[in-house]
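In this text the structure is predicted, and so the values were computed from the model without any measurement.
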Amino acid sequence: MEKNRADVIICGSNYLLSSDKSEERIKEVAKYVDEELRATSKALNVNPNFKAAVLTALNIAEKMMDNTDMTLKLQTENYQLDNDVKHYISMWEQAKKQVTDLKDKMSTEANKQTQSSEDYKKLQEKLVEMENAYFDLQMENVNLKNEIKSLKRLSAEDEF
């Protein structure tokens, strides 16, 4: 990997830094260190020196470790959220399948009910036909009985 170089100034001293990061990134890091070192020196009320540099390094290390802890925490939360999303997507897919299955079942049952209604109407019509035929047969039976009675009477009168 190619090394990039940048001339930077930290607390008034010139440094030539090299890194695989871009020149802009090198300058950004150097500016950050310069600002932190100046802030520590101001807090100690001294000019930048070895003691200020060590305290600045400790402050930066603490921030880095806090950021690392935060990164791990966020990665853990992200992993959990990914798992939650997968779980809810799975539940959603199951629910969609259940709804589709229920719609299909409802449609099938509606078709069965329609068919049953049609069959019921046909049976009712057939029943009416059979009742009418039964009534017609009863009427014919009554007529035949009357006719038999009439024939018996005529037959009885003819015998006399």
Side-chain angles (χ1 to χ4, degrees), residues 1-140:
M1 192 171 273
E2 185 180 326
K3 295 279 185 178
N4 293 310
R5 294 176 181 243
D7 285 315
V8 297
I9 299 174
I10 300 174
C11 289
S13 298
N14 291 324
Y15 295 92
L16 177 62
L17 302 177
S18 66
S19 171
D20 19 337
K21 304 290 183 198
S22 69
E23 182 178 347
E24 292 81 28
R25 183 65 173 165
I26 296 169
K27 287 180 179 181
E28 184 181 340
V29 170
K31 181 180 176 193
Y32 176 75
V33 171
D34 182 58
E35 290 170 354
E36 289 293 316
L37 187 54
R38 288 182 187 276
T40 303
S41 295
K42 185 177 180 182
L44 293 174
N45 201 20
V46 295
N47 288 329
N49 59 23
F50 181 72
K51 184 177 182 181
V54 169
L55 290 174
T56 300
L58 289 170
N59 288 336
I60 292 173
E62 180 182 21
K63 288 179 183 179
M64 182 199 70
M65 292 175 80
D66 289 346
N67 286 339
T68 300
D69 292 344
M70 181 60 74
T71 299
L72 288 173
K73 180 182 176 200
L74 290 173
Q75 285 174 338
T76 301
E77 288 176 6
N78 189 43
Y79 177 77
Q80 183 60 46
L81 289 173
D82 283 346
N83 286 337
D84 290 349
V85 166
K86 288 175 187 173
H87 174 71
Y88 290 123
I89 287 173
S90 172
M91 288 175 61
W92 173 255
E93 294 299 325
Q94 288 174 355
K96 281 189 347 187
K97 184 180 181 332
Q98 288 174 346
V99 167
T100 301
D101 291 347
L102 288 173
K103 282 182 180 178
D104 291 345
K105 187 175 182 180
M106 194 168 74
S107 176
T108 300
E109 291 300 320
N111 290 340
K112 285 180 183 177
Q113 185 177 8
T114 301
Q115 184 62 43
S116 293
S117 293
E118 290 172 6
D119 291 347
Y120 180 74
K121 285 179 185 176
K122 287 177 185 176
L123 287 172
Q124 276 185 321
E125 290 170 4
K126 192 162 187 138
L127 177 62
V128 168
E129 286 176 23
M130 292 178 89
E131 285 175 341
N132 289 338
Y134 177 71
F135 179 75
D136 290 344
L137 285 174
Q138 282 181 327
M139 290 302 293
E140 190 175 331

Between the side chains of N111 and Q115, is a donor N or O closer than 3.5 angstrom to an acceptor N or O?
-> no
Could you state the interatomic distance from CD (E36) to CD1 (I10), rounded to the nearest 0.5 Å?
-> 12.0 Å
For N4 and I26, the nearest pair of non-hydrogen atoms, with its separation, is O-CD1, 3.5 Å
Salt bridge check: are K73 and D69 linked by an N-O gap of less than 4.0 Å?
-> no
Sequence neighbours left out, what pairs pass side-chain hydrogen bond (donor to acceptor under 3.5 Å, both in side chains) with at least one residue falling in residues 125-138?
-> Y134-Q138
Will you find, in the side chains of Y79 and Q75, an N or O donor that is under 3.5 Å from an N or O acceptor?
-> no
Roughly how far, to the nearest 0.5 Å, is the NZ atom of K122 from the OG atom of S117?
-> 12.0 Å
Lys/Arg-Asp/Glu bridge criterion (N-O < 4.0 Å) met for E118, K121 = no
Using 4.0 Å as the upper bound for N to carboxylate O, is an ion pair formed by E28 and R25?
-> yes
Would you please test D101 and K105 for side-chain contact (heavy atoms from CB on, under 4.5 Å) and show each step?
-> CA-CA 6 Å; D101 291 347; K105 187 175 182 180; over 6 Å; no
With a 4.5 Å limit on heavy-atom distance, are the side chains of H87 and N83 in contact?
-> no
Measure the spacing between OG1 of T40 and CG of L58 and express it to the nearest 0.5 Å.
-> 9.5 Å
What heavy-atom pair brings S41 and P48 nearest, and what distance separates the two atoms?
-> OG-CA, 3.3 Å
Atom CD of Q124 and atom CG of L127: how far apart are they, to the nearest 0.5 Å?
-> 8.0 Å
Does the S90 side chain pair with the main chain of K86, one donor and one acceptor, at a distance under 3.5 Å?
-> no
Test Q80 against T76 for side-chain contact (heavy atoms from CB on, under 4.5 Å), laying out the working first.
-> CA-CA 6 Å; Q80 183 60 46; T76 301; 5.8 Å; no
Locate the shortest heavy-atom distance separating T56 from V33; write the atom from each residue and the value.
-> CG2-O, 4.4 Å
With sequence neighbours left out, write down each residue that passes side-chain hydrogen bond (donor to acceptor under 3.5 Å, both in side chains) with K27, or none if nothing qualifies.
-> E23
Taking all non-hydrogen atoms of both residues into account, name the closest pair between L17 and A30 and its distance.
-> CD1-CB, 4.3 Å
Gap separating the CD atom of E109 from the CG atom of L102, nearest 0.5 angstrom | 11.5 Å
Here the gap from I60 atom CD1 to N67 atom CG, rounded to the nearest 0.5 Å, amounts to 11.5 Å
Decide side-chain contact (heavy atoms from CB on, under 4.5 Å) for K3 and D20; before the verdict, give the C-alpha distance in whole Å, the side-chain angles of both, and the deciding distance to 0.1 Å.
-> CA-CA 5 Å; K3 295 279 185 178; D20 19 337; 3.9 Å; yes
Salt bridge present between D34 and R38 (N-O < 4.0 angstrom) = yes
